[in-house]
Amino acid sequence: MSMTQKPIGELKFSDLRVHYGTGWAVHISGTGRNKKFRYRHGMMTDLGDLEIYEWKSLLNALIEHHGEQEIQQQLRQWSRAECRWLHSEDEVEEYALSLHAARIFEDPAWAGYVPFNRQYRPEILETAKLVWIKTSCCPKAGQITEKQMEKAVYMDYRIRCPHCGRFGDFHVCTPEELQEEKEI
């Protein structure tokens, strides 16, 4: 029994997490200069190299099995609105599925963690460890997670601005700064 033939109940999202995209030319027919090829697109996962249609099918079945259709729809909306490099609905769908397989919405180190969860799952932020910061590009204070701040150490102490998205220098706000900002 191959890994892709496992019952859906035995599959995990981590099994379908994308490591990188794959592809190669497949010879269909002919010889010499009359050769005909097609290009095969795939995704390398813990289950191996899966063709795109197979990966999508397995991931959609797993999402349905776990009743996570709503979060998948939210990831699609998020990808469509925030990821300007995605030009077609197929690209949006594949990207949202890859985010879902990676469980990105559960990772406090994800740059979009606070805005995504504020928009779609505000109850998650009630228990999140958040920090108020000000960046060099925007004068207004914004929230990030402690994990994002820890990650800044590896990025020359620069962080993604919660307002404009640019990477820049930052400082943690004092309670006095936050109070002054509220009074303005």
Separation of Phe170 CZ from Ile159 CD1 (nearest 0.5 Å): 4.5 Å
Residues Asp49, Arg40; criterion side-chain contact (heavy atoms from CB on, under 4.5 Å); working and verdict: CA-CA 11 Å; Asp49 188 2; Arg40 181 236 187 245; 3.1 Å; yes
Separation of Lys151 NZ from Ile144 CD1 (nearest 0.5 Å): 11.0 Å
Side-chain heavy-atom pair Trp78, Phe105 within 4.5 angstrom cut-off: no
Electrostatic pair Glu89-Arg80, nearest N-O below 4.0 angstrom: yes
Crowding at CZ, Arg166 (>12 non-hydrogen neighbours, <6.0 Å): no
Atom of Leu125, atom of Val114 and distance for their closest heavy-atom approach: CD1-O, 3.8 Å
Chi angles and distances behind the side-chain contact (heavy atoms from CB on, under 4.5 Å) call for Glu70, Tyr120: CA-CA 10 Å; Glu70 184 177 351; Tyr120 297 109; over 6 Å; no
Gap between atom OG1 of Thr135 and atom NE2 of His163 - 0.5 Å precision: 6.5 Å
Side-chain donor or acceptor of Ser79 paired with backbone N/O of Leu75 under 3.5 Å: yes
With Ser98, the side chain to side chain contact (heavy atoms under 4.5 Å, CB included) member among Leu16, Val18, Ile104: Val18
Arg121 and Glu106 ion-paired at < 4.0 Å: no
